[in-house]
Amino acid sequence: MRLQQIVTVVGVHAEGEVGRVITGGVIAPRAASMFERQQAFIRDQDWLRGMLLSDPRGSVNAAVNLVTPPIDPQADVGMIVIESDYYPPMSGSNLMCAVTAVLETGMLAMVEPVTRLCVDTPAGLVYVEAECGDGKCRRVSFRNVPAFVMHRDRQIEVPGFGTITVDVSYGGMIYVIASAEQLGLTLAKDEARALVETGERIKLAAADQLPSVHPENPGIHTINQTLIAGPLRECDGVKTSKNAVIVSPGRIDRSPCGTGSSARMALMHARGELAVGERFVHQSILDTEFACSIEDIASVGGLPAVVTRVGGRAWLTGVSYYGADPEDPFPHGYRLNDTWLAC
């Protein structure tokens, strides 16, 4: 086999969202923190993003996650999330995929009935409880980094929509949140393309008109994604809502979105809609669910914040080896706008 730069990847999805996990073939750069490691990786090893996510090896509907040794001495494992256009500080669905992969492949020891781990991410330490049985990681929940609101009830101008009201909230990455009702959308599966086009317009407008910088880490400063929120309702006494998160350059997160759930809970708490200890079920466009709650209150850079827990399931789908033939004209991939809509 003539492949060079061979990388081992475990296929995983969390409640429908593809989050492949790199388990071999990549050496993470030395750094003083996981955020610094992420920045060094972006600077020096970004070829991996092109090779694994772009055509002909990758797909627009996937993310990959690099599992690394931890840097913080409290942590058991490190994780860098790699999406099509961004390296977000944290991602809940990707964390579920990574934890499931490292436990079911034996990279870390599985303890039944619950394996407790600390994951070192560029956003900070995330505390995980993985429910395990018969050698299977059956459910992953995580106590996330603090989530907080950055902008409340702000009006922005969006091409094709005029003036709309949005919020901006952080839950491990920065989200602009808009109501589906305001946009005339119902979050039905057949609206997927319309949701993507609408969400990308809103994100670009919000990023331009609502500068958003993390108060304790100015390196986190970009509105990464749009969360289009369905109405809040009660199902069997539990507050429940559907949502669609739009991932650049133009697709829908198939899961309910973990960091988006945290960001939305911070906004709901600020509005008086969700109390500490109260359960919240967040649903995806596929009707899969994350079980969510606020566990505590906190403060980030003087801003009121909440500490959230989000839980869901992930499943392994296979193991692959990727690389590039030395004569391959596309060793780092390519993108066409039939599927990569923003190209």
Side-chain angles (χ1 to χ4, degrees), residues 13-19 60-63 83-84 91-94 96 147 153 156 158-169 171-206 223-236 238-268 271 273-274 279-293 308 310-313 339 341-342:
H13 79 86
E15 302 292 356
E17 175 70 358
V18 179
V60 71
N61 72 327
E83 293 187 342
S84 300
S91 166
S93 62
N94 283 291
M96 293 175 191
D153 297 322
I156 61 172
V158 180
F161 289 90
T163 303
I164 68 169
T165 301
V166 299
D167 305 277
V168 176
S169 190
M173 66 178 88
I174 304 175
Y175 291 83
V176 56
I177 301 175
S179 77
E181 291 176 314
Q182 176 183 203
L183 301 168
L185 296 166
T186 66
L187 306 180
K189 292 183 182 72
D190 61 6
E191 290 181 340
R193 180 58 65 89
L195 285 162
V196 165
E197 293 171 351
T198 300
E200 281 295 280
R201 288 189 191 184
I202 292 171
K203 189 202 78 169
L204 291 173
I223 293 177
N224 298 105
Q225 298 181 352
T226 301
L227 189 159
I228 300 177
L232 190 62
R233 63 192 192 280
E234 283 208 4
C235 295
D236 298 322
V238 178
K239 289 180 179 176
T240 303
S241 181
K242 202 167 191 176
N243 89 117
V245 164
I246 314 307
V247 183
S248 294
R251 69 173 183 86
I252 290 181
D253 188 327
R254 271 63 173 156
S255 81
C257 187
T259 53
S261 296
S262 293
R264 188 170 183 189
M265 281 189 280
L267 179 61
M268 292 169 66
R271 289 175 169 169
E273 295 172 341
L274 191 68
R279 290 189 297 160
F280 170 56
V281 172
H282 219 189
Q283 298 173 326
S284 74
I285 195 169
L286 297 178
D287 296 320
T288 55
E289 296 181 349
F290 282 168
C292 308
S293 65
T308 64
V310 178
R313 303 165 299 169
T339 53
L341 301 181

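Listed by chain and number, the residues in a side-chain contact (heavy atoms from CB on, under 4.5 Å) with Ile164 are Ile156, Val158, Phe161, Val166, Gln182, Leu183, Ile202 (sequence neighbours excluded). In terms of the side-chain contact (heavy atoms from CB on, under 4.5 Å) criterion, residue partners of Ala62 (sequence neighbours excluded) are, by chain and number, Val18, Arg20, Leu53. For Arg271, the salt bridge (charged side-chain N to carboxylate O under 4.0 Å, His left out) criterion is met by Asp167, not counting sequence neighbours. Legend: residues meeting side-chain hydrogen bond (donor to acceptor under 3.5 Å, both in side chains) with Ser293, ordered by chain and number and at least two apart, are absent. The side-chain hydrogen bond (donor to acceptor under 3.5 Å, both in side chains) test applied to Ser284 returns Thr288, not counting sequence neighbours. When the salt bridge (charged side-chain N to carboxylate O under 4.0 Å, His left out) test is applied to Arg201, no partner is found at least two apart in sequence or on another chain. Take Glu83 and apply the salt bridge (charged side-chain N to carboxylate O under 4.0 Å, His left out) test, not counting sequence neighbours, and it matches no residue. For Ser169, the side-chain contact (heavy atoms from CB on, under 4.5 Å) criterion is met by Val149, Ile177, Ala263, Ala266, not counting sequence neighbours. For Thr308, the side-chain hydrogen bond (donor to acceptor under 3.5 Å, both in side chains) criterion is met by Ser262, not counting sequence neighbours. In this structure, the side-chain hydrogen bond (donor to acceptor under 3.5 Å, both in side chains) partners of Thr186, at least two apart in sequence or on a different chain, are Glu191.
Within the model, atoms CZ of Phe280 and CE of Met265 stand 7.0 Å from one another, a figure rounded to the nearest 0.5 Å. Between Glu197 atom CD and Leu341 atom CG the span is 7.0 Å, to the nearest 0.5 Å. Rounded to the nearest 0.5 angstrom, Ile252 CD1 and Asn61 CG are separated by 12.0 Å. For the atom pair His282 NE2 and Asn243 CG, the distance stands at 3.5 Å (nearest 0.5 Å). From Leu195, atom CG reaches atom CD1 of Ile228 across 5.0 Å, with rounding to the nearest 0.5 Å. Atoms NZ and CD, on Lys239 and Glu234 in that order, are 6.5 Å from each other to the nearest 0.5 Å.
Applying the side-chain hydrogen bond (donor to acceptor under 3.5 Å, both in side chains) rule to pairs touching residues 249-259 yields Glu17-Arg251, Tyr175-Thr259, Asp253-Ser255, sequence neighbours excluded. The stretch residues 281-291 participates, sequence neighbours left out, in these salt bridge (charged side-chain N to carboxylate O under 4.0 Å, His left out) pairs: Lys189-Asp287, Lys242-Asp287.
Proximity of a side-chain donor or acceptor of Lys203 to a complementary backbone N or O of Ile246 within less than 3.5 Å is not detected. Between the side chain of Ser241 and the backbone N or O of Gly230, at least one donor-acceptor pair lies under 3.5 Å.
Met96 approaches Ala14 most closely through the heavy-atom pair CB-CB, 4.1 Å. In terms of heavy-atom proximity, Gly16 sits nearest to His13 at N-ND1, 3.0 Å. The shortest non-hydrogen separation linking Val310 to Gly258 is CG2-O, 3.9 Å. Phe290 and Ser261 make their closest contact through CD1-OG, 4.1 Å (heavy atoms, listed as atom of the first residue, atom of the second, distance). Between Leu227 and Gly260, the shortest heavy-atom distance links the atoms CD1-O, 3.4 Å. Here the closest non-hydrogen pair linking Ser84 and Ser248 is CB-O, 3.8 Å.
Side chains of Glu15 and Ser93 form no contact here, defined as non-hydrogen atoms less than 4.5 Å apart.
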